[in-house]
Amino acid sequence: MDNSGIARVFSDIATLLQLKGEPVFKTRAYQRAADIASEYPGELSAIADDLDELKAIPGIGDAIAKKIQELSGTDRLEYYEDLKGEFPAGLLSLMEVPGIGPKTALRASEQLDIHTIEGLEAAIEAGEFEKLPRVGHKNAQSILRHIRSQRRQGDRIMLGLALPAAETIAARLAETCPDASNITVAGSCRRMRESVGDIDLLCTSDDPPAVAKAFAALDGVVDVLGQGDTRASVVLQSGLQVDLRVTEARHFGALLLYFTGSKQHGINLRARARSMGLTLNEYGLTSDLTGELETFDAEEGVYERLGLPFIPPELREDHGEIEAAENESLPNLLIDSDVKGDLHVHSDWSDGRVPIEEMVAAARELGRDYVAITDHSSGRGVANGLSVERLRAHNAEIEHVEAEVGGIRVFKGSEVDIRADGTLDYTDEVLSELDIVIASVHSAMGQERSVMTERVVAAMRNPHVTAIGHLTTRLVFDGARSREPVDLDLDAVFRAAADTGTLLEINASPKRLDLRDAHVMQARKAGVLFLINTDAHRPSGLSFMQYGVGTARRGWCEARDVINTLDAKAFEKFLALPKERRAGKTAVRT
DNA sequence: GCCGTTTTCGGCCCGACTGTTTTCAGTCG
């Protein structure tokens with residue numbers, strides 16, 4: 001069973017134990033185990049043979065480690081099956097509807113014989129559901145709205161849609177409500193997670209209730225899910241849910257910290273506060289001794305009071321960031337402006353939308369020092385790939401455009417297909433005429449692990465291949481579709497990348513983000529160096545870079561881990577090195 | 001169920017909103 005399956009089982013166990021009335025700390029332990037499983041880089045099943053290695057993961061103890069072993073071996077867990085047997089069927093699916101918790105789900109199931117979302121919907125429409133204790137008409141109608149909006153939107157929305165939407169609604173609030181200051185996007189958007197469940201917006205005001213009220217009345221709001229003195233929760237036309245919290249300026253630091261999350265990072269910080277005789281909440285730190293509340297207008301102050309340096313939002317995932325902060329060993333994360341070039345860009349020569357010249361001009365406009373035009377090769381996988389003749393004409397056109405546009409170095413490149421057998425679409429002789437070769441898988445994605453691994457590693461051994469593009473080919477759920485990653489032995493691939501001096505791309509396109517954050521972390525530890533590329537097919541796509549940088553930051557990358565933070569001159573020097581000398585961190589900045 | 005330079009036992013994070021109630025349970029983040 002894969003990590004997401006294991007996470008699902010533990011999450012269900014947590015819910016069922018809660019229903020049974022088990023101590024909250026037990027249910028919390030399982031929920032934490034679920035979070036750990038879903039975030040774990042690499043497959044847990046791969047280390048399941050070694051109980052000690054499992055137990056070395058913080059939050060995994062003896063009992064849960066053994067359950068991971070059982071799940072890895074048999075795809076089944078006796079304990080889980082028994083637990084499920086104690087409850088009516090369909091109970092867990094009911095609880096996926098916002099507004100339905102354990103109590104209500106159990107009553108609906110036992111008293112009304114409801115076991116599916118559709119059954120629930122019918123019972124609400126028939127007026128039966130609202131007769132349950134502590135439900136009532138308004139609750140029932142609110143739940144019905146949630147069912148319908150969830151059906152519209154799916155579970156999560158990709159960051160590339162959420163962040164622009166968040167910025168738009170923030171701007172609208174600023175316009176309508178001059179009284180609102182410090183309007184800030186928080187939550188998983190601020191942590192740059194690849195997809196988010198909803199948008200958290202924070203601001204400060206001398207009159208919070210007025211701002212909450214104005215927010216609920218904003219243009220584009222189609223439904224108000226709740227509204228109080230310090231917060232409001234609305235649904236936009238797109239189906240996206242936005243939660244606003246308002247506070248006085250003196251509480252802003254604690255509020256931002258609190259609602260940036262992650263949940264587990266917050267829990268760890270509050271536990272740390274407790275051990276110092278303090279209570280941390282969204283208003284500040286309260287002394288247990290004097291009962292006095294200390295407030296902070298910025299996050300830095302809260303961290304400082306807890307004896308820690310500022311921890312960037314992308315690191316707040318309970319991946320050892322608090323320990324690193326204590327030891328003053330936090331990474332010096334790369335920032336957007338560190339990125340100097342974009343080495344994976346398409347034009348209308350293959351499947352891009354505009355001529356090379358327009359892409360290059362747009363890249364220069366964004367302040368890039370260099371760019372590579374990497375249209376597709378002639379392989380089967382992709383439409384309108386370049387034959388050898390067209391590739392040579394493409395090379396000539398790139399030289400022409402470089403001279404014509406000026407002020408930006410333009411590299412001759414190709415995104416060349418890695419064929420099913422591991423060979424490439426162009427011969428070595430043709431590849432040697434290029435500055436940049438991004439080798440990618442676009443076909444035969446169903447190959448079994450050993451074949452796919454050898455296929456990618458074979459491409460890495462080619463001396464002309466600069467980097468592997470979007471390694472796993474997975475697609476983030478974009479509201480319509482997603483795609484599972486190909487089956488790869490990532491340990492072997494990362495080792496081979498480091499050994500051969502092949503760079504791995506962090507594809508910044510929000511629907512790809514491939515490598516994903518956990519893989520970046522794993523690859524970086526294996527000594528891999530990266531490129532962050534947009535894979536832009538039109539000028540607007542060139543600004544996806546921020547999502548790639550966010551992903552790299554979530555993988556604890558510094559500028560030195562990412563080769564396209566070099567300026568054009570240093571980057572060319574890097575390219576001039578034979579591949580084997582591009583490996584390892586020492587080769588880079590010399 | 002997990003965890004430990006204060007502990008192998010006894011701790012383990014905090015508050016707001018809603019609707020249904022007559023003082024608060026349920027849910028959420």
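We name chains A, B, ... by the order of the sequence lines, and we start the count at 1 in each one.
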Can [X] and [Y] be counted as an ion pair, charged N to O under 4.0 angstrom?
X         : Y         : value
Lys67(A)  : Glu78(A)  : no
Arg145(A) : Asp223(A) : yes
Glu86(A)  : Lys20(A)  : yes

Residue met sooner reading DNA chain B from 5', once Ala63(A) and Leu278(A) are mapped to nucleotides: Ala63(A)
Mapping Pro133(A) and Gln227(A) to their closest nucleotides on DNA chain B, which lands nearer the 5' end? Gln227(A)
Whether [X] contacts [N] is assessed here as follows: a side-chain N or O lying under 4.0 Å from the phosphate OP1 or OP2. Is that the case?
X         : N       : result
Thr279(A) : dC13(B) : no
Asn281(A) : dG15(B) : yes
Arg270(A) : dC12(B) : no

Would you classify [X] as touching base, sugar-phosphate or nothing, given that sugar-phosphate means primed atoms plus P, OP1 and OP2, and contacts are heavy atoms under 4.0 Å?
X         : value
Val24(A)  : nothing
Ser233(A) : nothing
Ser142(A) : nothing
Pro23(A)  : nothing
Arg274(A) : sugar-phosphate
Leu269(A) : nothing

On a whole-Å scale, what distance lies between the [atom1] atoms belonging to [N] and [M]?
N       : M       : atom1 : value
dT23(B) : dT18(B) : C1'   : 15 Å
dT6(B)  : dG1(B)  : P     : 28 Å
dC17(B) : dC13(B) : P     : 23 Å
dA16(B) : dC12(B) : C1'   : 23 Å
dT21(B) : dT27(B) : P     : 14 Å
dT20(B) : dG11(B) : C1'   : 36 Å

If I take atom [atom1] in residue [X] and atom [atom2] in nucleotide [N], what distance separates them, rounded to the nearest angstrom?
X         : N       : atom1 : atom2 : value
Leu132(A) : dT21(B) : CG    : P     : 12 Å
Gln141(A) : dG19(B) : CD    : P     : 12 Å
Leu144(A) : dG19(B) : CG    : C1'   : 17 Å
Gln31(A)  : dC13(B) : CD    : P     : 15 Å
Asp318(A) : dC12(B) : CG    : P     : 18 Å
Ile267(A) : dC13(B) : CD1   : P     : 7 Å
Ile64(A)  : dC3(B)  : CD1   : P     : 9 Å
Asp229(A) : dG15(B) : CG    : P     : 17 Å

Is [Y] close to [X] at the side-chain level, that is, under 4.5 Å between some pair of heavy atoms?
X         : Y         : answer
Leu334(A) : Val549(A) : yes
Arg516(A) : Glu194(A) : yes
Arg148(A) : Glu121(A) : yes

Nearest atoms (heavy-atom pairs only) where Leu280(A) meets Arg270(A): O-CD, 3.2 Å
Between protein and nucleotides 22-29 of chain B, map the contacts as a letter string: B base, S sugar-phosphate only, - none, heavy atoms under 4.0 Å, written 5' to 3'. ---BSSSB
Cation-aromatic face contact Arg305(A)/Phe296(A), 6.0 Å, 45 degrees: no
pair_partner(dT8(B)), Watson-Crick or wobble, both distances < 3.5 Å, evaluates to none
Only one of Glu314(A), Glu317(A), Glu321(A) forms a salt bridge (charged side-chain N to carboxylate O under 4.0 Å, His left out) with Arg554(A), so which one is it? Glu317(A)
